[in-house]
Amino acid sequence: MPAPVQVREQDDEIFANKFFVTAERDHVPLSTTDYIGLDQGNCNPRYMRTTLDYIPWSKELADMAKVPMGIVVQPLAKHRKGEIDIQVVHHGEDGPIRCTRCRAYINPWCIFSRGGYGYECNICTHYNEVPAWYVANIDMDGRRVDLDERPELKYGSVEFEVPADYHSSRAPVPMRYVFAFDVSVLSIQSNILQAACEALKRALYDEQGHSKLINKIAIVTFDKDLQFYNLSPSLVNAQMLVVSDVDDVFIPLQGGIFADPTESKNVICQLLDSLPQMFKDTMRAESVYTAAVKGGLQALKSTGGHVFVFQSCLPNYGPDALKSRDERTIYGTDKEKNLLVPQSKCIKNGVCVNTWVFPYQYMDLATISGIPQLTGGEIRYFPGFQYDLDKCHVQYQLHHDIHRHTGFDGILRIRASNGLQVTDHYGNCYMGTYTDVDLSGIDEDKSIAAVLKHDGKIDTKQGASFQCAMLYTTRDGHRRVRVHNLQLLATSQVTEVFRYGDIDTTMTLITRQIITDIHQKTRKVLQDKLMDLCIDVLANYRINCAASTSPGQLILPEAFKLLPVYVHSMIRSIMLLGVGNDVRIDSRVAGMSLLNSMTISETVWTLYPRMYAIHNLKGGEGLPDLRNEIRLPPMVRLSYERLDSRGAYLLDGIDTGSDIYIWLGQQIHIDYLMAVFNVPTLDEVNPKMVTLPTLSTDLSNRIHNMMHTLQSQRSRYLTFHLVRQEIDPEEYQFATWMCEDKNSEIQSYVDYMCVLHRKIQEEIRNRST
C-alpha cells in the first residue's frame, strides 16, 4: 500500500539540499522537500504551484481525467538559505510596464519583436509597444541584449516599486500594531493577561533591553469598557483613558495612542509589568470583543496595520454580544452545520485582525473567527490554558507572528492565459470583486487557493501562463507589487495529465473546498464526496491509461498514488471526524481555520504527520552535516503495528494547535531512560514535563537537534507531550495520529483501499454497460 513515507523519502534523495532549476518541469519537488530553488524564469514552487504541471488543452480532456484543476499561491513565502532574494525593480514615475489589454506585468515569458520596440503578452497575446527608455535590441532568438540587467525579464519572481497611482485610500506608512488585552475576571484568574503581557514584552525587547521592532505600537485593555493608554516617552507611567460608550468607540487622545518601542521603552515595560496587578481585584465578567476590534480599527483607519486581540471568554457585552448556542445534542446531526455559520456578518476592513482565544468553555469561534478570516488574520487557539504549561507557547507564537515577513493593505489577482479562467478563491481573505482578493494582512505563512476552469481551448504550442500579482505595503512602509510567474506546457494526452500531477497542491485545494462546503453540508455528505472523487480519478486513470491491465489489480497513477491515503486521513481529520458529540464545535472551527490558510507543506504534514524512531539512531542521524543541517532518520508509517514496545518514537502533528509527541514503549531499556530522562524506570518519567530534559549525553543531543529541526519547519509552536505506552491517558490523542489504523468511525487504510478498489471496479463495469 503506497504511503507518504516512501514517496517523501524518494523525493528527498533526488532534491533535498540540491538545486532545482525552475524552468525544468518534468519533476517538480514535493512541497515537503527541502530543495534549493534556482529561478530561471518560472517562480520558485514555494510561491506558486498548480495541481497539474501539464495543463489539459481542453475542457473535454480535463473532464476525461477528473483531476481537480487549481493553483495555490503563497506570495510572501520564506525562501531557503542559499536562494537569492527577490529583486526590487523601479520603472520610474509611470510605474511597471504592463499589458494595455489584460494589465499583466511584463515578465520573462513575454515575446519581444519588431527590433525590441514591443512585446506580445504571454497572458492575452496582445501586442504592446514599450516606452522609448525601455527599448533594447534583440538577437535572432528574440532575446534582449540587456536581459541580465533586467530582473523582471530574467526571474520568475520580482517586486516593482510603484508610484502614487497605486496607493489605496491611505498613503503608505510603516505598519502599526494594536495589542488589545481582555482584562475580565476570567483572564485575570487564569493568568492569561500575565502570559500575554510577558509574551509581548519578550517580543518587543531582547535580553539587553534593546527594541527588536521598529514599528509603532498601541496597547488597549477591555472588559465592559475600553481602556486606552498614553505611551508618550515624556511620561513616567502610562496614562489610562477610559471609553465607557462601547457602542460608539472613539480614540480619546488627540495626539494618538501609538508610541515608538525604543523611545517609549520605559513606559511600555512599566505598563506591561503592572497590568496584571492593576486589574487583579476586578470582578467584571463582561468582555466587549467587538468594541475592542473597533477601537483598533479607529486607531488604524488612516494608516492600516495589525490588531492582536487576546480574548478569554464568549464576547458577552456591548455591540454584537454573543449568546451561547453550543447544543451538544445536535452534534453529528444535520443541524450541526448551523453552528459553523457566524451569528453576524463581518465587514471588510483595511486592517488585519488576529484573535487569540483562551477558552475554558464554548466561545462561538464560528462567529469570532469571521473577522480574522476576512481580514487576512488568523485564530490562535489555547483551550484550557494553564500558565505554567502554556506560557512558552504564547511567547514563541507571538514573537513569530510579530517578526515574520508581513505586509498589509493588499490586493491580489491571479491571471491565466487564453483558454483558462481563475475562479473560486479560498483562504483568509475577502473577495472584493470576482477576480480581486483583498488582503488587509498577508504574511509568509499564508496561502491562497483558486480553481482553474477552461473557457476555451489552449494552444499546445504556447502552453499555459499564470501570473500572481499582489499590490501591498511592506512592513517598513514601501508600496510594491510582488509578481510571480509560471509557464507550463499544455497537453492533448490524458496520460501526461496523470503523469505530471502535484498531489500536495491537489490535496490543499480539496481541503479548502471541503472547508467551504462544510458550512452547507453534513460531514457524512462530504465524506461520501471525497470517496466519489477518489473513485472518479482512479477509475478514469484505469479506463484511459491502464485498460489492458488485469481487472483484479488496483492500478494507481504514479503522481496521484497518495490520493487515497490523504483522503482517508482527511476523513479522520478534525474538520470531518466525529461520532455523536466526540468533537466540540469550537475545536472543529479552530482546526478548519488553521487548514484554511496554512501552507501546502503544512497541510500535507497535517493530513499525514511525520514520525521517527528515536531509540536506534545510527551514524549521523540527529547530528549536523557539513552544511550544519540536521540529518533526520527514516520516517515510520503511522500505525501502531509499526511501533516497537522496546522503542521510542517522535511525532509532530497539527490539529487545533501544533504538538510534538515522544511515545515510550513499555519495554524501553533502562539505558535509554537514563540517557534521555535521567531516570531508571518508565514509572519515574514525568508525563507532565513541558520540555524534554537537556542532558549532556549524545542521545539527548541528537533528539533535541531533531526536535529543533521539526520546529524550524513549522509556523506554529510545537507543544511537547510525553506518552508512555498503556499508562498515560494522552495516548488516546496520540493514537488519533495513527492514520493507517482503524478508529471508531472509519476503517483502517488497508480496508479503505479494499472498499475503494471494489467501488472502482463497479464504476468501470457500470460505464461499460
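Position 1 is the first residue of the sequence, and the numbers go up from there. Given the structure is predicted, the values throughout are model-derived calculations rather than measurements.
- Here the closest non-hydrogen pair linking Leu412 and Pro75 is CD1-CG, 3.6 Å.
- Using modelled atom types, no side-chain atom of Lys301 and backbone atom of Gly296 make a donor-acceptor pair closer than 3.5 Å.
- Residues satisfying the ring pair (Phe, Tyr, Trp, His ring centres under 6.0 Å) test with His721, not counting sequence neighbours, are Tyr661.
- Thr474 is listed as a side-chain neighbour of His478, based on a closest heavy-atom distance under 4.5 Å.
- More than 12 heavy atoms of other residues, nucleotides or ligands sit less than 6.0 Å from atom CD of Gln713.
- In this structure, Glu207 places its CD atom where only 12 or fewer heavy-atom neighbours from other residues, nucleotides or ligands lie under 6.0 Å away.
- Salt-bridge annotation for Glu602 and Arg714: present, with a side-chain N of the basic residue lying under 4.0 Å from a carboxylate O of the acidic one.
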List the steps, then state whether side chain to side chain donor-acceptor pair (under 3.5 Å) holds for His210 with Lys265.
CA-CA 9 Å; His210 300 134; Lys265 172 194 165 186; over 6 Å; no

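- The shortest distance between side-chain heavy atoms of Phe358 and Gln311 does not fall below 4.5 Å.
- By the 4.5 Å heavy-atom criterion applied to side chains, Arg80 and Asn17 are counted as neighbours.
- With respect to the salt-bridge test (charged N to carboxylate O, under 4.0 angstrom), the residues Arg584 and Asp586 do not qualify.
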Could you walk me through whether Thr603 and Thr599 pass side-chain contact (heavy atoms from CB on, under 4.5 Å), step by step?
CA-CA 6 Å; Thr603 298; Thr599 65; 5.9 Å; no

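- Arg610 and Asp652 get closest at one heavy-atom pair: NH2-OD2, 2.9 Å.
- For the residue pair Thr473 / Arg479, a side-chain donor-acceptor distance below 3.5 Å is found, with atom types taken as modelled.
- When all heavy atoms are compared, the tightest approach of Gly305 to Phe408 is N-CD1, 3.6 Å.
- For the side-chain contact (heavy atoms from CB on, under 4.5 Å) test with Leu471, the passing option among Asp409, Ile411, Val483 is Ile411; the others fail.
- Residues Ser312 and Tyr360 have side chains that never bring a donor and an acceptor to within less than 3.5 angstrom of each other.
- Remark: Arg46 is positioned above the aromatic ring of Tyr35, its terminal NZ or CZ atom under 6.0 angstrom from the ring centre and at most 45 degrees off the axis.
- Tyr229 pairs with exactly one of Thr221, Leu241, Ile257 by the side-chain contact (heavy atoms from CB on, under 4.5 Å) rule, that one being Thr221.
- The side-chain heavy atoms of Val288 and Asp223, taken from C-beta on, include no pair separated by under 4.5 Å.
- At a cut-off of 3.5 Å, with distance as the only test, a side-chain donor of Tyr381 or Ser587 sits close to an acceptor on the other residue.
- In terms of heavy atoms, Val249 sits closest to Gly295 at CG1-CA, 3.7 Å.
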side-chain contact (heavy atoms from CB on, under 4.5 Å) evaluation trace for Met48 with Cys43:
CA-CA 7 Å; Met48 181 160 58; Cys43 69; 3.7 Å; yes

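- A donor-acceptor pair under 3.5 Å links the side-chain atoms of Ser211 to the main chain of Leu213, judged by distance alone.
- Under the 30°/60° scheme for interplanar angles, the aromatic rings of Phe385 and Tyr387 are found to stand perpendicular.
- For the atom pair Ile402 CD1 and Met175 CE, the distance stands at 9.5 Å (nearest 0.5 Å).
- Side-chain contact of Thr367 with Asp364: a donor-acceptor pair under 3.5 Å is present, judged by distance alone.
- Closest non-hydrogen pair, Lys216 versus Pro261, comes out as CA-CD, 4.3 Å.
- More than 12 heavy atoms of other shown residues, nucleotides or ligands fall within 6.0 angstrom of atom CZ in Arg404.
- For Asp182 and Ser184, the side-chain atoms include at least one donor-acceptor pair closer than 3.5 Å.
- The shortest distance between side-chain heavy atoms of His484 and Ile86 falls below 4.5 Å.
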Glu629 vs Arg631, test: salt bridge (charged side-chain N to carboxylate O under 4.0 Å, His left out). Steps then yes/no.
CA-CA 6 Å; Glu629 295 173 353; Arg631 178 186 165 195; over 6 Å; no

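- Remark: Cys352 SG to Leu439 CG distance equals 9.5 Å, nearest 0.5 Å.
- Arg702 and Leu623 make their closest contact through NH2-CD1, 3.5 Å (heavy atoms, listed as atom of the first residue, atom of the second, distance).
- Note that the CG atom of Leu650 and the CG atom of Leu617 stand 9.5 Å from one another [nearest 0.5 Å].
- Taking the side chain as every heavy atom from C-beta outward, Val723 and Ile662 never approach each other to under 4.5 Å.
- By the 4.5 Å heavy-atom criterion applied to side chains, Leu275 and Val183 are not counted as neighbours.
- Using modelled atom types, one finds a donor on one side chain and an acceptor on the other under 3.5 Å when comparing His79 with Asp85.
- A salt bridge is absent between Asp445 and Arg716; no separation between the charged side-chain nitrogens and carboxylate oxygens falls under 4.0 Å.
- Donor-acceptor pairing under 3.5 Å is lacking for the side chains of Arg49 and Asn44.
- In this structure Phe310 satisfies the ring pair (Phe, Tyr, Trp, His ring centres under 6.0 Å) test together with Phe181, Trp356, sequence neighbours excluded.
- Side chains of Ser31 and Asp504: a donor on one and an acceptor on the other come within 3.5 Å.
- Taking the charged nitrogens against the carboxylate oxygens, Arg380 and Asp401 do have a contact shorter than 4.0 Å, which makes a salt bridge.
- Counting non-hydrogen atoms of neighbouring residues, nucleotides and ligands closer than 6.0 angstrom, the NZ atom of Lys78 reaches no more than 12 such neighbours.
- In summary, the side chains of Gln74 and Ser447 do not present any donor paired with an acceptor at a separation below 3.5 Å, with no hydrogens or angles considered.
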What verdict does the side-chain contact (heavy atoms from CB on, under 4.5 Å) test give for Thr32 and Trp605, after you've listed the backbone C-alpha separation in whole Å, the side-chain angles of each residue and the deciding distance to 0.1 Å?
CA-CA 8 Å; Thr32 54; Trp605 279 333; 3.4 Å; yes

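- Using a 4.5 Å cut-off on side-chain heavy atoms (C-beta onward), Ile219 and Leu271 make contact.
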In sequence, state the C-alpha distance, the side-chain angles, and the governing distance for Leu692 and Met707, and then conclude on side-chain contact (heavy atoms from CB on, under 4.5 Å).
CA-CA 10 Å; Leu692 185 69; Met707 293 174 66; 3.8 Å; yes

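- Side-chain N or O atoms of Asn191 include none that pairs as donor or acceptor with a backbone N or O of Gln194 at under 3.5 Å.
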Carefully, step by step, assess Glu378 and Lys446 under the rule salt bridge (charged side-chain N to carboxylate O under 4.0 Å, His left out).
CA-CA 9 Å; Glu378 58 195 320; Lys446 299 290 193 310; 3.1 Å; yes

